[in-house]
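The structure under discussion appears below in the form of structure tokens.
Please read all numbers here as calculations on a predicted model, not as lab measurements. Just so you know, ligand 1 is whichever comes first in the structure, and atom 1 is the first atom listed for that ligand.
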Amino acid sequence: MLSKELAVKYQLVVGLEVHAQLATSSKLFAEDAIGFGADPNTQVSVISLGHPGTLPKLNMRAVEFAVRMGLACECRINRHSSFDRKNYFYPDLPKGYQITQDKEPICLGGKVPLILEDGSELDVQLNRIHLEEDAGKLIHAPGKEESWVDFNRAGTALIEIVTEPCLRSSEEAVAFLNEVRKLVMYLGICDGSMEEGSLRCDANVSVRLRGAETLGKKVEVKNMNSFRNLGRAIDYEYERQVGLLEGGTAVISETRTFDADGGCTSSMRTKEELNDYRYFPDPDLPPVLLTEEWIGSVSVQLPALPHALYRKFREIYGLPRYDAALLTESKEMALFFDTLCSKTRHYKAASNWMMGPMKSHANETGTSFADFPLKVEVIAQLIELVEEGQVSFSVAAQKIYPELIINPGVTPLEIAQRLNLIQESDSSYLNPLAKEVLLENPEKVKEFKSGKKGLLGLFMGELMKKSGGKADPKVASRIFSELLAN
Ligand code: ADP
Ligand code: MG
């Protein structure tokens, strides 16, 4: 950890480049299938390999996905964009160049709104979102001095989301990546899996004296495959760069790699060794021309987005920040909750049900809320039963709810009646029982009257036993306070 003093002296500056693999059924410029885990080199055509005489053909579904993301981030959608070749040699790159968008990306500007843990809000400014193709994969043969290449991934469609250097802490960077992951999943354009590499992130990190106008020299860190490692890598770089400057050494522009085991970064290549990519317009691909109508048709199909749902849950349903954040983590959960709220007005109770017993069920069974076994109407009836004081929450959650899951056709009330769980709120029934409790505990009554008010809990417990757990606590507590008042 950087000392407080140095953290005040030096400001951290981060810009992220996020690659999201698009969930199209074929590649960006070829009809090869896509699928994680297929046998190596089984999803490769002559187009992906760039054989002479072949021509790339743009997958419009990928364009649509990129535009969806651009619209969700309020980017400017370029009516005219184009593809360039980025030339470099690496064995996983079959053509010797990558087709990407350099000069005229499909989306420019835009922002991603974040809500941080302390509730503060931040708009992360985007520089651009562009389309490009992925490279293949090198597999280093275990225990051998050999590497193999799998071209299945070569040519897969990616979008790259590039932020401005506007992030100021590892927490902000992690929150941004989390929000991008949510967005692409809500939009249905990427599966969001960081383990399988569908979502990858490079971090550009620099430091400068706080208040300085110009940015410091940046270091690009690669190979963080989790949120946690992104945060660790940025914190490590912050400390390392400040250490260099404090010791009178300049930071050099370089690409570094993060080692998760050691928790540190190490140099991969310095600026002098950097490739000159010799970008030039790809002569095989015409520019992408988008019409207003087409963009409009993509726009009207956008789903509700996490940020908008968060606001709705806070402002319309009056939920606490924690609830609203948790319920919007997945689209399926958010939409289920939103529909539930059209059937009940007890929004906070509905949220407790979602975050408690219902989320547990989804986690335990590994299912999504899209396949939740109970209809929203049934959950709403269950909530109503508790709110009316017919059953306690714990009885509802522990006795009725598990029965409903097994038997979704019956109503919560039917189960409550069949299992004899309806709370007793009739005072002509509870009053004599309460009197019995007090008569059986004369000493405790004395103590209560001399000030030990906590004993009410004991009396309530005894009454619960006598009533077989069915005494309505509100009514019972009123009866006791009347009986004990004189
Ligand atoms: P390059 O030409 O080296 O690729 P770019 O200007 O395209 O650099 O920026 C790439 C990424 O690096 C962007 O996300 C940008 O916000 C970020 N970035 C640029 N300069 C800095 C800096 N001084 N400190 C931190 N991040 C930076
Ligand atoms: Mg760049």
Side-chain angles (χ1 to χ4, degrees), residues 2 7 9-20 69-70 73 75 81 84-88 97-98 100-112 114 122-132 135 158-180 199-224 230-231 233-245 250-258 265 267-280:
L2 206 56
K9 185 169 171 191
Y10 293 96
Q11 181 179 49
L12 171 70
V13 175
V14 178
L16 295 182
E17 294 165 286
V18 182
H19 287 93
M69 187 65 175
C73 299
C75 301
S81 67
D84 301 283
R85 290 186 183 178
K86 177 179 177 177
N87 301 280
Y88 65 95
Y97 61 85
Q98 176 197 26
T100 180
Q101 296 191 301
D102 181 42
K103 291 254 162 18
E104 300 177 301
I106 190 148
C107 311
L108 276 174
K111 62 174 200 274
V112 173
L114 299 186
L122 171 75
D123 279 344
V124 178
Q125 300 301 323
L126 300 185
N127 174 281
R128 51 150 67 195
I129 299 175
H130 66 252
L131 275 164
E132 62 186 27
L158 302 174
I159 47 171
E160 178 173 341
I161 303 144
V162 183
T163 76
E164 293 294 345
C166 62
L167 297 157
R168 294 291 175 265
S169 67
S170 56
E171 290 79 20
E172 288 181 9
V174 170
F176 171 77
L177 185 60
N178 188 37
E179 196 62 28
V180 166
L199 198 67
R200 307 191 284 266
C201 177
D202 301 334
N204 299 273
V205 184
S206 66
V207 299
R208 64 176 167 183
L209 287 173
R210 222 168 266 274
E213 299 264 313
T214 52
L215 294 175
K217 277 255 175 344
K218 80 171 154 74
V219 164
E220 184 172 352
V221 190
K222 293 190 174 291
N223 293 329
M224 289 107 13
L230 172 65
I234 292 171
D235 286 335
Y236 179 86
E237 271 304 302
Y238 188 15
E239 233 182 292
R240 188 185 71 85
Q241 294 181 22
V242 168
L244 284 177
L245 296 179
V251 174
I252 50 167
S253 298
E254 59 182 343
T255 304
R256 297 176 72 89
T257 179
F258 180 66
T265 65
S267 185
M268 284 169 82
R269 47 184 184 263
T270 55
K271 193 98 187 174
E272 292 74 59
E273 301 158 312
L274 277 189
N275 287 298
D276 172 2
Y277 293 121
R278 292 169 295 124
Y279 283 100
F280 66 88

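Every atom of ligand 1 with a heavy atom of Glu164 under 4.0 Å away is listed here by number and element: 16 (O). For ligand 1, the atoms lying closer than 4.0 Å to a non-hydrogen atom of Lys218 are 1 (P), 3 (O), 8 (O), 12 (O), 18 (N), 19 (C), 20 (N), 21 (C), 22 (C), 23 (N), 24 (N), 27 (C). Heavy-atom contacts of Gly216 reach the following atoms of ligand 1: 23 (N) (cutoff under 4.0 Å).
Leu12 has its side chain out of reach of Arg168: every pair of non-hydrogen atoms, C-beta onward, lies at least 4.5 Å apart.
With Leu2 as the partner, the side-chain contact (heavy atoms from CB on, under 4.5 Å) test is satisfied by one option alone out of Asp235, Val242, Val207: Val242.
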Q.
Using the rule given for side-chain contact (heavy atoms from CB on, under 4.5 Å), can you reason through Asn87 versus Tyr277, listing the C-alpha separation, both sets of side-chain angles and the distance that settles it, and then say yes or no?
A. CA-CA 5 Å; Asn87 301 280; Tyr277 293 121; 5.6 Å; no

**Q.** CA sep, side-chain torsions, deciding dist, call: Leu215, Arg208, side-chain contact (heavy atoms from CB on, under 4.5 Å)
**A.** CA-CA 6 Å; Leu215 294 175; Arg208 64 176 167 183; 3.6 Å; yes

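With a heavy-atom cut-off of 4.0 Å, Asn127 does not touch ligand 1 at all.
Although no hydrogens or angles enter the test, the distance criterion places no donor-acceptor pair under 3.5 Å between the side chain of Arg200 and the main chain of Lys222. Between the Asp123 side chain and the Lys111 main chain, no donor and acceptor come within less than 3.5 Å of each other.
Comparing heavy-atom distances from atom 13 (C) of ligand 1 across Val18, Val13, Thr163 singles out Thr163 as nearest.
Polar contact check, Glu17 against ligand 1: no nitrogen or oxygen pair lies under 3.5 Å apart. Here's the thing with Lys217: none of its N/O atoms is less than 3.5 angstrom from an N/O atom of ligand 1. The shortest N or O to N or O distance between Val162 and ligand 1 is not below 3.5 Å.
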